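Before any comments, here is the structure.
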Amino acid sequence: SKETSRNTYKFFNHHMSEQASKQLSVEQELRKAVERNELVLMYQPQVDLISDQITGVEALVRWQHPSRGLVPPLEFIPLAEETGMIVPIGEWVLRTACRQNVEWQMAGYTPMRVAVNLSAYQFKQSNIVQTVAEILRETGLNPKYLELEITESIAMQNAEQVIQTLEALKLLGIQISIDDFGTGYSSLSYLRNFPIDRLKIDKTFVDNITDSAGDAVIAESIIAMAKSLKLEVIAEGVETKEQYQFLKSSGCHEMQGYFFSKPLPVDRLTSKLSRLSAA
Ligand code: C2E
Ligand code: CA
Ligand code: CA
Ligand code: CA
């Protein structure tokens with residue numbers, strides 16, 4: 001009836017404006033978060049089992065909210081992407097991670113990569129290559145120690161433009177990895193056209209390798225194919241000794257996960273590096 005549709009419309013409208021104002025306030029809050037320096041990075045080690053060294057760390061952002069406490073990224077990154085706030089947040093993350101890596105190197109620790117997550121929205125910014133170049137110049141980080149993680153879903157969209165951007169990024173001398181690999185529908189033969197260095201096998205496969213024959217086969221074939229394409233491969237979300245052993249025997253020599261370490265605040269990661277270099 002007319003009455004119903006009007007009510008529906010009213011409801012919808014009301015709902016929309018509520019959502020819009022909520023979005024606006026979140027945007028303002030996120031803006032303040034950057035200005036007030038409320039964002040923090042945690043660093044999770046990436047371990048190379050052949051050298052038995054930490055060869056990289058992934059920078060993972062959190063929001064140290066004055067009243068809500070430590071807010072995990074999944075509670076604000078999607079909103080930051082919707083509002084465009086991911087651009088200043090992403091720049092802050094990139095600059096902070098690069099600067100921190102320079103600090104570790106200046107302190108004398110064995111140089112390692114720092115991996116930074118790049119969201120689809122950031123990747124699509126026309127000045128993304130310039131931004132990365134500027135931050136490298138500003139911080140003085142040797143580009144080979146910066147890795148950008150892009151998701152498989154980015155790689156699947158508008159391939160021509162994605163490849164162009166990746167090639168321009170590679171020209172800076174940085175490394176590129178495909179995050180959450182295996183969750184999308186890209187094949188390795190498709191990715192062969194992409195100038196990438198590393199695949200990160202998604203946690204969902206790692207979770208099941210020791211009890212699902214299917215996932216074990218998928219993980220094994222990703223590792224084998226990646227190697228034949230001369231790509232590095234790293235497993236993420238490794239939590240148990242069984243997973244670690246299975247992956248190791250399948251030829252995966254780089255891993256990241258709670259089995260080795262949770263993401264750590266900078267001082268705790270620094271202590272870990274100190275202990276390792278003393279050992
Ligand atoms: P991701 O890039 O796939 O990061 C891995 C996530 O898995 C992290 O969650 C990490 O803490 C968690 N993790 C690592 N090892 C294990 C494990 O063994 N077991 C379990 N259960 N979890 C593990 P986190 O830090 O909450 O980040 C969630 C997601 O938020 C990230 O997923 C990434 O998509 C996004 N994110 C985090 N930081 C940033 C950032 O600076 N920029 C952007 N664009 N996205 C970010
Ligand atoms: Ca990641
Ligand atoms: Ca991931
Ligand atoms: Ca993920």
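Every heavy atom of this structure was used, including side-chain atoms; hydrogens, water molecules and symmetry mates were not. Note that the coordinates shown come from a computational prediction; the quantities given were computed from them, not determined experimentally. We count ligands from 1, going down the list as the structure has it; atoms in each ligand are counted the same way.
- Legend: residues meeting side-chain hydrogen bond (donor to acceptor under 3.5 Å, both in side chains) with R31, ordered by chain and number and at least two apart, are E27.
- Residue contact annotation: R62 has a non-hydrogen atom under 4.0 Å from ligand 1.
- For the ligand labelled ligand 1, residue G90 lies outside the 4.0 Å heavy-atom shell.
- Remark: ligand 1 atoms within the under-4.0 Å shell around heavy atoms of E239 are 17 (C), 18 (O), 19 (N), 20 (C), 21 (N).
- In this model, a donor atom of one side chain and an acceptor atom of the other lie less than 3.5 Å apart for H65 and E29.
- Using a cutoff of 4.0 Å between basic side-chain nitrogens and carboxylate oxygens, E149 and R198 are not scored as salt-bridged.
- Which parts of ligand 1 touch P263 is read off a 4.0 Å heavy-atom cut-off, strictly below it: atoms 11 (O).
- If you look at E58 next to ligand 1, the close heavy atoms, those under 4.0 Å, all belong to the side chain.
- Between Q44 and ligand 1, an N or O atom pair is found at a separation short of 3.5 Å.
- Of all atoms in ligand 1, listed by their number and element, those nearer than 4.0 Å to a heavy atom of G257 are 15 (N), 18 (O).
- At least one heavy atom of K203 sits less than 4.0 Å from an atom of ligand 1.
- Comparing D180, D207, I89 against atom 3 (O) of ligand 1, the shortest heavy-atom distance belongs to D180.
- Across V61 and W92, no two heavy atoms sit closer than the pair CG2-CZ3, 4.3 Å.
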D197 and K170: CA distance, side-chain angles, deciding distance, salt bridge (charged side-chain N to carboxylate O under 4.0 Å, His left out) verdict: CA-CA 10 Å; D197 301 280; K170 282 302 297 172; 2.8 Å; yes

Worked check of salt bridge (charged side-chain N to carboxylate O under 4.0 Å, His left out) between E232 and K227: CA-CA 7 Å; E232 309 266 343; K227 285 191 156 180; over 6 Å; no

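- In L60, the parts holding a heavy atom less than 4.0 Å from any atom of ligand 1 are both the side chain and the backbone.
- L273 meets the side-chain contact (heavy atoms from CB on, under 4.5 Å) test with I54, W104, Y109, M112, L269; sequence neighbours excluded.
- The proximity of E236 to ligand 1, defined as any non-hydrogen pair under 4.0 Å, is limited to the side chain.
- Taking 4.5 Å as the limit, every side-chain heavy atom of Q122 sits out of range of all side-chain heavy atoms of I150.
- Taking a cut-off of 3.0 Å, the protein N, O or S atoms nearer than that to the Ca ion (ligand 2) are E58 OE2, N117 OD1, E149 OE1, D179 OD2.
- When each of D202, D207, N208 is tested with T204 by the rule side chain to side chain donor-acceptor pair (under 3.5 Å), just one qualifies, namely D202.
- By the 6.0 Å and 45° rule, K241 does not stack over the aromatic ring of Y244.
- Between D179 and ligand 1, at least one N/O pair is under 3.5 Å apart.
- In summary, R113 and E147 engage in a salt bridge, as defined by a charged side-chain N under 4.0 Å from a carboxylate O.
- Using a 4.0 Å cut-off to heavy atoms of S119, the atoms of ligand 1 that qualify are 44 (N).
- Between A59 and ligand 1, no N or O atom pair is found at a separation short of 3.5 Å.
- Between L39 and F76, some side-chain heavy-atom pair lies under the 4.5 Å cut-off.
- Residues in residues 49-64 take part in these side chain to side chain donor-acceptor pair (under 3.5 Å) pairs, two or more places apart or across chains: E38-W63, T55-E254, E58-N117, E58-K200, E58-Q256.
- The closest non-hydrogen atom to atom 16 (C) of ligand 1, taken over F260, Y258, F259, comes from Y258.
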